[in-house]
There are 2 protein chains.
Amino acid sequence: MTDTRPGARGRPRGFDADQALDRAVEVFWRQGYEGASLGDLTAAMGINKPSLYAAYGNKRELFDRALARYAETDMAYAGAALARPTAHEVAETFLRDNARALTMPGRPAGCFSIQSGLSCSPENAGVSATLARARRAGELAMRERFERAVRDGDLGPGEDPADLARYVMTVSEGLAVHAAAGTPLHELERTVDLALRAWPSRTE
Amino acid sequence: MTDTRPGARGRPRGFDADQALDRAVEVFWRQGYEGASLGDLTAAMGINKPSLYAAYGNKRELFDRALARYAETDMAYAGAALARPTAHEVAETFLRDNARALTMPGRPAGCFSIQSGLSCSPENAGVSATLARARRAGELAMRERFERAVRDGDLGPGEDPADLARYVMTVSEGLAVHAAAGTPLHELERTVDLALRAWPSRTE
DNA sequence: CCGATATTTGACAAAACGTTACATTACGTC
DNA sequence: GACGTAATGTAACGTTTTGTCAAATATCGG
């Protein structure tokens, strides 16, 4: 499929596949899976349809690649947040970086994994399901991080890691919906301030 | 347009316009504006296209009517929550009733005003904008309720009604995204429990 | 029963959709 | 420089989309 090694035979590809994929990410992000036509995609990617099919398969496979690309790049902050030393820092770092990512200048406002297909027609139900699975995986990773925090004594034994992870992700999703509607960063940050007041105090 | 009074001339309508509208609400809710084709809509409504156009105008006007209908029926709990005597009760009632509404058996999971058009193609940007405006109006109403609470001394003068309203709505939207992915009611309720821990104590 | 009026029905139109066939172009190899 | 190979540009495919037309149907007032 990709053909970067020397000794390649045939006409070389006239575009950068990763760069074009970035454009596709933006279109799916802004318009949703069903709102993004192949015409919209190829126009933004600077290629035409047969090139898209040759390089990515079809619309659905392009979307899956776009989601993977988004997770690697725009969501990289999430993995970094999980590496913070305390559960509170994990939650705070995640939510603050999330708010920043949701309002990044030059990128669509909001969150790809919600906007691009929260609901779809039955024939594209797989898109919604894939996105939901991705969000669920993120929540699970955070839950496991909080379970470690309980074992470490960083969180009190009475705190439920699953509840805390679900809460943080819920706030994050709400921030994304707000951001998609144009709420500016400084207001999202105030929401994060408030949300963190729910965090269990370490002295409990 | 509607023709319920006696003395009507012409062939009487063979369907109940409000009942058909309820079916349309469900289709838009489940599939989104762009994922709901006229075929899906007319099939669910039990009518055919010319009847739809005669009764509602076109797809977009049908959607606007569906949104209004949703606001009147499924969102009725929101107005009731605002009537609670204290700000804390307003927030708690709103979030708990919200969680229940998001998982109401026999209705689509999640929230119409998010699922039906969080993002759209440019030609349907008006749908996203209309929904965002509706959510904004709800947040404003809650803000005004909290402003009254500050005047009443129910909330401390240091609390920001706009921040609190934005926070409650953010949690609500996050709950909706979770509900759309299948999170069951009892887990949403635990999230609400956690979210309410952020609420300012009255003794402050 | 008759004319007026409005709804239903089924077919149709124009455009857009995702996808593919075909001829052309550009490159490495011989 | 011709050959094989793979990507390109154009143009079309069949299907589905939103929206409409004309004829048939049902009910009211007279």
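All figures in this text were calculated on a predicted structure; none of them were measured in a lab. Reckoned from all heavy atoms, side chains included, excluding hydrogens, waters and symmetry mates. Chain letters run A, B, ... following the sequence lines, proteins first and then strands; every chain starts at 1.
Atoms CG (B:Asn124) and P (C:dA16) sit 13 Å apart, rounded to a whole Å. In this structure, the OH atom of A:Tyr53 is 6 Å from the P atom of C:dT20, given to the nearest Å. Straight-line distance from the CD atom of B:Glu34 to the P atom of D:dT16: 19 Å, rounded to whole Å. We find that CD of B:Glu123 is positioned 14 Å from P of C:dA15, with the value rounded to whole Å. The separation between B:Leu62 atom CG and D:dT18 atom P is 11 Å, rounded to whole Å. Rounded to whole angstrom, the span from the CG atom of A:Asn48 across to the C1' atom of D:dA7 amounts to 10 Å. Rounding to whole angstrom units, CZ of residue B:Arg13 and C1' of D:dT27 are separated by 14 Å. The nearest whole Å value for the distance from the CD1 atom in B:Ile47 to the P atom in C:dA6 is 18 Å.
The aromatic rings of A:Phe63 and A:Phe112 lie parallel to each other, their planes meeting at an angle below 30°, with 60° marking the opposite boundary.
Which of D:dA26, C:dA26, D:dG19 sits closest to the side chain of B:Leu38 comes down to D:dG19. Checked against D:dG19, D:dT10, C:dA26, the side chain of A:Pro12 finds its nearest nucleotide in C:dA26.
Along DNA chain C, the nucleotide closest to A:Asp40 and the one closest to B:Phe15 are compared, and the more 5′ of them pairs with B:Phe15. Summary of the strand contacts: A:Lys49 and B:Lys49 both lie near DNA chain C, and taking for each the nucleotide with the nearest heavy atom, the more 5' one is attributed to B:Lys49.
A close approach under 4.0 Å does not occur between any side-chain nitrogen or oxygen of B:Ser51 and OP1 or OP2 of C:dT7. Distances shorter than 4.0 Å separate some side-chain N or O of A:Ser37 from OP1 or OP2 on C:dC17.
Counting non-hydrogen atoms of neighbouring residues, nucleotides and ligands closer than 6.0 angstrom, the CZ atom of A:Arg136 reaches no more than 12 such neighbours.
Between B:Arg166 and A:Glu189, no side-chain nitrogen of the basic residue sits less than 4.0 Å from a carboxylate oxygen of the acidic one, so the salt-bridge criterion is not met.
Because its NZ or CZ atom is both nearer than 6.0 Å to the ring centre of B:Tyr33 and within 45° of the ring axis, B:Lys59 counts as a cation-pi partner of that residue.
Side-chain contact of B:Asn98 with B:Tyr77: a donor-acceptor pair under 3.5 Å is present, judged by distance alone.
Between the base of D:dT5 and the side chain of A:Arg11 there is no donor-acceptor pair shorter than 3.5 Å.
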